[in-house]
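Accompanying notes for the structure given below.
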Amino acid sequence: MNRFAVPRWSLIASLLLLTLAAAIGSMLFGAVDLSVARLLAAASGNSDRVASIILFDLRLPRTILALAVGAMLGLAGAALQGYLRNPLAEPSVLGTSNAAALGGVAAIYFGIAELHPVMLPVLATGGALVSLALLFVLAGRAESPLTLILAGIAVGTLAVAGTSLALNLSPNPFAAMEIMTWLLGSLENRSFDHVWIALPCIAIGGAMLLWNGRALDALTLGEDAAQALGTDLRRTRLRLLVGTAIGVGGAVAVAGAIGFVGLIVPHLIRPLTDRSPSAILLPSAIGGAALLTLADLGVRIIPTTNELKLGVVTAFLGVPVFLIHLMRERRLW
Amino acid sequence: MVSITFDHVGVTLGRRAVVHNVSAEFGAGTLTAIVGPNGAGKSTLARAMLALVPASGTVAIDGTDVAAMPRSELARHIAYVPQGQTLHWPLTVERLVGLGRLPHLAPMSRISDADTAAIERAMARADVLELRDRIANELSGGERARVLFARALAVEAPALIADEPLASLDPGHQIDVMDMLRAEAAGGGLVIAVLHDLTLAARYCDRLLLIDRGRIVADGKPADVLTAERLRAVYGIDAAVETGGDWPTITVFGRACG
């Protein structure tokens, strides 16, 4: 018996409460703290102009993006770990996040990002879609998870090589710095334009991954048994590839490359469930939303000379959590 | 009454023809063992019944071509215990057995009382009720074999195919598994098992299908199929087949000479 397991409804309710608390905190705290009364007044349109701008132009889009990007990364990590039957899988394993990052870097490198703020996320999403096409060419019809991992490594490595090339050929240190800064991941200065780019991608990608729950459970018994239980492996793979590429691509497009969320959130959630892959999908999405929103809050309230980057905070959060969890759980994998 | 029919079935994997022109019919209430040497095509034949490999000819269940059936419908007709004891995540026994209800669940629906009752019945029949809260990965090989068998029983399909269910089990657990297969056939199920132990196959099964190099060499009652000449020709062994008791027993002396 899994001694840490809690009823599903209470796990989801607790995670939702945590996420709500994180979202409220994200609205209240930052360079200028808002009181609860001022926040409520701004929300109801009865506040001063400054509070209204802070809430609607800065904090609300930033919070929505933190919730959505975190949810997507947590969900994609859980789905990929289930599909590949590997607790070390994470969204970048398919190479789509690296490809999205390359799209963003290309936008900066060629100056396209300066034309309009949405050009960078648009190109990054395009990068993810190109990587999806490459994945289909390399591994679309094969059914082995190993083929998919190898194809993902090939696509990801190509994208990283392209990013390195852009850094290498940067015309000046400032351009290289801009690329490096974007790659570290951030939700600073994001607007509702970014929300409208990311949300549809994340909604479509997330729905496709959630639909795979039963198939992922069946894969616990291996591919033959899963098919004998009625699982269509080709459709499962198609939903996984398209869902991850679109969803994670959209997330990276607005937030940059943020690591560890997709790896650690399923590990934190799994002991609280019956450990079946379907049971961790939705809780991982909610947990990812809470974790990234809290990390983004940390970025704003931890006093540093320059604002911390979100990818740096998640990496610092992720490593110890993952190591402690690994030591506690290793007997059960 | 369920039936599975093979009509001139061939299977080619890569460039190698593994099964050649096999025709056979399997009916309800019968325990059939597919026997033959390693690489003879036994498991491929079993996998062809589940449309897990592309096959020429026709494999039909109750007259319907399995290749044309939706996977979920085929899954409700045939339960399958694959080779090995693969378990990728540490699920409890009850959760694992519950996977057998997947073919019956509509997308995004919850498990019903009928599904819960089927899981209880399957655990009771495979005698794993007392293991229900244990993590399946932590069980012994024999316990795990019973749990995986219960998972297949939870499908409550009219046909059951088990691929080498006795592998790596001690004699006691081998008998437990054969007793369970026998009970399923006695209850009206169509049961097919890929087996290597000829004496156990002869003791428990109504019918043996002897396969060699992808072709049926003999098909019939164990006493008729298992002859010293056939064992020599198919397995390359010198063996004595005793037919005086309730079932044939085989004593292997060694590799056939010449």
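Just so it is clear: chains get the letters A, B, ... in the order the sequence lines come, proteins before strands, and each one is counted from 1.
Contact of B:Ile161 with chain A is not made at all, since no heavy-atom distance falls under 4.5 Å. For A:Thr231, the part lying under 4.5 angstrom from a heavy atom of chain B is the backbone only. Proximity to chain A is absent for every atom of B:Arg76, based on heavy atoms less than 4.5 angstrom apart. If you measure heavy-atom distances from B:Pro103 to chain A, the contacts under 4.5 Å come from both the backbone and the side chain.
Under a cutoff of 6.0 Å and an axis angle of 45°, A:Arg239 and A:Tyr83 do not form a cation-pi pair.
Of the listed residues (B:Leu148, B:Leu96, B:Leu50, B:Leu52), the one with the most heavy-atom contacts under 4.5 Å to chain A is B:Leu52. Chosen from A:Gly213, A:Ala279, A:Ser276, the residue pairing most often with chain B at heavy-atom distances under 4.5 Å is A:Ser276. Here B:Arg151 is the residue among B:Gln83, B:Glu73, B:His104, B:Arg151 with the most heavy-atom pairs under 4.5 Å with chain A. Of the listed residues (B:Leu91, B:Asp163, B:Leu74, B:Val81), the one with the most heavy-atom contacts under 4.5 Å to chain A is B:Leu91.
Using modelled atom types and a 3.5 Å distance limit, the side chains of B:Asp170 and B:His173 yield a donor-acceptor pair. A side-chain donor-acceptor contact under 3.5 Å links B:Asp115 and B:Ser112.
Although no hydrogens or angles enter the test, the distance criterion places no donor-acceptor pair under 3.5 Å between the side chain of A:Ser92 and the main chain of A:Ser97.
Of all heavy-atom pairs spanning B:Leu169 and B:Gln174, the tightest one is O-NE2, 3.2 Å.
Side-chain contact between B:Tyr80 and B:Met49: absent, with no pair of heavy atoms (C-beta onward) separated by less than 4.5 Å.
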